[in-house]
A.B. asks: 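Quick one: the structure is below, and I'll ask about it shortly.
Ligands are counted one by one from 1 in listed order, and the atoms in each one are counted from 1 as well.
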Amino acid sequence: MPVIDGVKLTVQGEIAENQIHDLLEEEKSRFAAKGKKLARVELEADGDEVIVRSFEASPIKRVRRITGYLAPTDNWNAAKQAELRDRVVQANLTAVLGKGGVEPLGVKLRVNGLSYESVVDGPGIRDTLFVQGCPRRCLGCHNPGSWDFSGGVEVDVAEAIAALPFSPLVYGVTFSGGEPFCQAEALLPIARHVKRLDLSLWVYTGYTWEELLDLLDPAVWELLTLADVVVDGPFVRELADLGLAFRGSANQRLIDVRASLEKGETVLWELRRAEILA
Ligand code: SF4
């Protein structure tokens, strides 16, 4: 059975090719208006007329997008899965970084991964830079591959700057880990770049807010002042809760950095929808 314009076709008698195409277009639009897709049709010539003897239609599979990602409403297919995989998978660092053509800044950063268009590391679509090395070693850590301080890939920060943001849709950049504050100095040029672009900057840390302030390290302090939100504290498995937004366990806090520094007390961040939609 031949397939014409995506429709399986059976023709009985003599029907001109252009007549078949016109008829198929007509039938396809008729079914599309009902939310269906013409799959098979049987045509028969009857004198000067063409009769549609039988047809078969299938419902159109619809998908919708949620914050830029494909989400299934009918069922998954390989293409949808591939798109989702491609867009949320952690990028291959050696493919993204170290491409050359970037003037080095001479500041080295050890990186664990880079995830483009994340929707779980803060509000809006974000690029998340996972740094390498974490002293905390929390039980149930989301990323134990980031613990080893000699693992990952060492890059010049200019390369990381060149890789961020990935697209104009990106609302913010998140530093995650590993422990970003163990490489605060190297992260500073990236943080300044992010703020120059007026993007939101979130930093995940295994330190508590109070511990960070006690570090009295100028680079830690500057990174703090550049961040909009710090998600603080180690992951505690007994307090884990999948229902929590942007954090793994209930002890962790989303801290509004600017408000906290201004008031001299810990102020929690609140989601302001207008901020994301702007
Ligand atoms: S602080 Fe974060 S990266 Fe470090 S071990 Fe804990 S959960 Fe993992």
A.B. asks: Considering Gly178, Gly206, Cys138, which one's heavy-atom position lies nearest to atom 3 (S) of ligand 1?
C.D. replies: Gly178
A.B. asks: Provide, to 0.1 Å, the distance between atom 8 (Fe) of ligand 1 and the closest protein heavy atom, together with that atom's residue and name.
C.D. replies: Cys141 SG, 2.3 Å
A.B. asks: To check you understand the geometry: which heavy-atom pair defines the closest contact between Val230 and Leu212, and what is its length?
C.D. replies: CG1-CD1, 4.2 Å
A.B. asks: Against heavy atoms of Trp147, which atoms of ligand 1 measure under 4.0 Å?
C.D. replies: 5 (S), 8 (Fe)
A.B. asks: Among the heavy atoms of Tyr204, does any lie under 4.0 Å from an atom of ligand 1?
C.D. replies: no
A.B. asks: Applying a strict 4.0 Å limit to heavy atoms, is Pro234 in contact with ligand 1?
C.D. replies: no
A.B. asks: Could you check whether any heavy atom of Arg137 sits closer than 4.0 Å to an atom of ligand 1, since that is the contact criterion I want to use?
C.D. replies: yes
A.B. asks: Could you tell me if Arg136 sits above the aromatic ring of Tyr207, with its cationic atom closer than 6.0 Å to the ring centre and no more than 45 degrees from the axis?
C.D. replies: yes
A.B. asks: Could you check whether any side-chain N or O of Arg247 sits under 3.5 Å from a backbone N or O of Leu244, counting only pairs where one atom can act as donor and the other as acceptor?
C.D. replies: no
A.B. asks: If I compare all heavy atoms of Cys134 with all of Gly178, which pair ends up nearest, and what's the gap?
C.D. replies: CB-CA, 3.7 Å
A.B. asks: Let me confirm one number: the CD-CG distance from Glu238 to Leu139, rounded to the nearest 0.5 Å.
C.D. replies: 7.5 Å
A.B. asks: Atom 8 (Fe) of ligand 1 and Cys134: any N/O/S contact shorter than 2.8 Å?
C.D. replies: no
A.B. asks: Using a 4.5 Å cut-off on heavy atoms from C-beta on, say whether the side chain of Gln19 contacts that of Val50.
C.D. replies: yes
A.B. asks: Can you name the atoms of ligand 1, numbered from 1 with element, that are less than 4.0 Å from a heavy atom of Phe235?
C.D. replies: 7 (S)
